[in-house]
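What follows is a set of notes on a single structure, which appears directly below.
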Amino acid sequence: MEDLISVYDTLTRTQREFQPRDPGRVTIYVCGVTPYDEAHIGHARPAVVWDVIRRYLEYRGYSVHLVQNFTDIDDKVIARGRELGRDPLEISRHYSQRYLEDMAALGVKPAHQYPRVSEHIPEIVEMVRTLVEKGHAYEASGDVYFRVASFPEYGKLSGRSVDELRAGARVEPGEAKESPEDFALWKAARPGEPSWPSPWGPGRPGWHIECSAMALRYLGNGFDMHGGGVELIFPHHENEIAQSEAYTGEAPFVRYWVHNGLVTLREEKMSKSLKNFVTVRELLDRYPAGAIRLYLLSAHYRVPLEFDTERLDEARRAWERLGNALRSLDEVLEREVAAGDEALAAAARLGEEAGRARERFRMAMEDDFNTPQALAALFDLARAGNTAVSLLLRGGPLSLSGDARDGLLRARTALAELGGVLGVVESPCTPSGGAAARFVHGSDQAQGGEDAAVERVGGGVGTGGWDALGRELLGVLLDLRARARGEKNWALADLIRGRLGELGITLEDTPLGTRWRLPGGEGGIR
RNA sequence: GGCGACGUAGCCAAGUGGCAAGGCAGGGGUCUGCAAAACCCCGAUUCCCCGGUUCGAAUCCGGGCGUCGCCUCCA
């Protein structure tokens, strides 16, 4: 890996060359969710962004260790539990499970660990105790506060001065802080709230300490990247730095701070409190996962992203375009097409196009994970592939030459592989010979699938009722329609196409046969 | 009020000193029984406005206008 990846680091406010703590290995901690309600697209953005960063690093040969926490005990969870008359931990367990399901449906590869606050109380207590011993924290009537004045570098991440903060800080009634800017590391238990024993009496962790404790526990001091939304820069991440560096006595706690922009709705931040959120489930109901991902990746991760169903619709069309291109390449590769010289030349040239796309993709991703540019490289490759395919299907005296086959294969592999890094292109020929592939090939042909490395991402959307029987029945209808077309019974052929269309199944007649496609992207040709 | 980000074609969005990527939408053409998909052609003499630096700026500097985020729980 001669070429270095560069990453924008919030702390230094510059884009820096990425050098991991340990060569070849990347450690990442991403602030996860507080599971007290359904996940919305505001949660989906960082999940997908980090999934892509992780996949890209893996694609580049790094071994990645990704940790994402669940803040399973805090004010919001407790409030929700009280509202519903249920155990807060039960609430958070439920919603964290839903979150994991939603993210899996979006094609997000699971993190290596999902630590929960409630399962790391001893680490947190130990850390707080040490901070008290070192004079960085103090106890006040069962609460423990971080003494901001003891950490001169406080404010370095968010660019604030303690004086500034003091002006705006609020002091809750009943708090016994030395200084308004001090923040809670440990909160004394209040009646009816979950609590754990500690040297300061029963209580629970403050909001910021858990991430420090768990990140240090799983990744060690000075790990590589810490992620989260920009709204966490202050106070959450600022406080994390203070606690962690005061605790270890060493800087930096984190090598690169990476923050994603927020999803806005009608120019307003989407959030639970504003009640203007759209859940991931609602979205997955209407759009294929790949389309949602493409939408989320259509803007650079640091800029605000406006939620808009029109843009989701656009993303779906764009996503279909990539899938169609891959499918077309596979279709001509799977058959001996007759082709003329011009077409063969175009196909052979695809080898270079694929190489160019790989290079552009790489340069884009190296430049602070510039996914819009990476996508542009994919679209250009798709166009080149489509051009070659359309020329090939025009027919001619020759069959596919070796060069042409090679070019097609390279293009198809690059498209699947790079699209796989972003999770926006699925390979219809899965290595295991998925249902779609089996249907395409029938029982008498071998699987294609040269490029077995690409994982299947997402899918399944809108295909809930799609089973073996459905597939067989579709086959029957397609055969019937083919016969009708052979007899020039256009009325019947169009009826079948129309009715299937109402079910979301698209039919397209091509020189190679009738191509069918489900809303979720699965498809084939018969 | 303080801190920060942004303002590029109808819409979305890259591009941070040298002739403005890509997607969607739209128009014309090819292919098709029709359709769809796909391909080919067409779109910003110009990048919010005004100054300045430079041989040269969307890109740098200054000012203005506008939008958003953080400063309080929030992905």
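Every chain is numbered from 1, with letters handed out A, B, ... down the list of sequences.
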Under 4.0 Å protein heavy-atom contacts per nucleotide of nucleotides 32-42 of chain B, with B for base, S for backbone only and - for none = -BBBBSSSS--
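- Distance check on atom C1': B:A25 versus B:A9 gives 12 Å, rounded to whole Å.
- The same atom, P, is picked in B:A13 and in B:G69; the two are 15 Å apart, to the nearest Å.
- Salt bridge status for A:R204 with A:D75: present, with a side-chain N to carboxylate O gap under 4.0 Å.
- At a cut-off of 3.5 Å, with distance as the only test, a side-chain donor of A:Y29 or A:N69 sits close to an acceptor on the other residue.
- Comparing B:G15 with B:G1, their P atoms are spaced 31 Å from each other, to the whole Å.
- In this entry the distance linking OH of A:Y99 with P of B:A75 reads 10 Å, nearest Å.
- For the pair A:L322 CG and B:G22 C1', the interatomic distance rounds to 11 Å; values are reported in whole Å.
- If you take atom C1' in B:G28 and the same atom in B:G33, they sit 23 Å apart, rounded to whole Å.
- The pair A:K177-A:D143 does not meet the salt-bridge criterion, since no charged nitrogen lies less than 4.0 angstrom from a carboxylate oxygen.
- Atoms CG (A:L283) and P (B:A75) sit 17 Å apart, rounded to a whole Å.
- Rounded to whole Å, the distance from CG on A:N239 to P on B:C70 is 17 Å.
- We find that A:E320 and A:R317 are joined by a salt bridge, their nearest charged nitrogen and carboxylate oxygen being less than 4.0 Å apart.
- Here the P atom of nucleotide B:A75 and the NE2 atom of A:H237 are 11 Å apart, to the nearest Å.
- Heavy-atom nearest nucleotides on RNA chain B were determined for A:I233 and for A:D74, and the one closer to the 5' end corresponds to A:I233.
- Under the Watson-Crick or G-U wobble criterion, with both distances below 3.5 Å, B:A5 is paired with B:U67.
- A:R160 has its CZ atom 13 Å from the P atom of B:G2, to the nearest Å.
- In this entry B:C24 has B:G10 as its Watson-Crick or G-U wobble partner, both defining distances falling under 3.5 Å.
- The pair A:E331-A:R515 meets the salt-bridge criterion, since a charged nitrogen lies less than 4.0 angstrom from a carboxylate oxygen.
- At a threshold of 4.0 Å, the pair A:D330-A:R327 does not count as salt-bridged, since none of the basic side-chain nitrogens sits closer than that to a carboxylate oxygen.
- We find that A:R16 and A:D9 are joined by a salt bridge, their nearest charged nitrogen and carboxylate oxygen being less than 4.0 Å apart.
- Nucleic acid contact for A:K76: sugar-phosphate only, since backbone atoms but no base atoms lie under 4.0 Å from a heavy atom of the residue.
- Residue A:G32 is in sugar-phosphate contact alone, with no base atom involved, counting any heavy-atom pair closer than 4.0 Å across all strands shown.
- Nucleotide B:C39 forms a pair with B:G29, judged by Watson-Crick or G-U wobble geometry with both contacts under 3.5 Å.
- To the nearest whole angstrom, the two C1' atoms, one in B:A20 and one in B:U45, are 11 Å apart.
- Summarising the geometry, the separation between CZ on A:F234 and C1' on B:G69 is reported as 15 Å, rounded to the nearest angstrom.
- B:A14 and B:U54: their P atoms are spaced 32 Å apart (whole Å).
- Here A:N370 lies in heavy-atom contact (under 4.0 Å) with sugar-phosphate atoms only.
- Classification of A:R302 and A:D368 as a salt-bridged pair holds, one side-chain N sitting under 4.0 Å from a carboxylate O.
- Nucleotides B:A75 and B:C19 have their C1' atoms positioned 42 Å apart, rounded to a whole Å.
- For the residue pair A:E83/A:Y36, the side-chain donor-acceptor check at 3.5 Å is not satisfied.
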A correct 5'-to-3' footprint of nucleotides 6-13 of chain B, with B, S and - meaning base, sugar-phosphate only and no protein heavy atom under 4.0 Å, is -----BSS
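- Aromatic ring orientation, A:F369 versus A:Y56: perpendicular (interplanar angle above 60°, classes split at 30° and 60°).
- Summarising the geometry, the separation between CD on A:E231 and P on B:C71 is reported as 8 Å, rounded to the nearest angstrom.
- When the C1' atom is compared between B:G22 and B:G18, the two are found 22 Å apart, to the nearest whole Å.
- With sequence neighbours left out, the ring-ring contact (aromatic ring centres under 6.0 Å, His included) criterion links A:H236 to A:W207, A:H208.
- Look at B:G56: it lacks any Watson-Crick or wobble partner with both distances under 3.5 angstrom.
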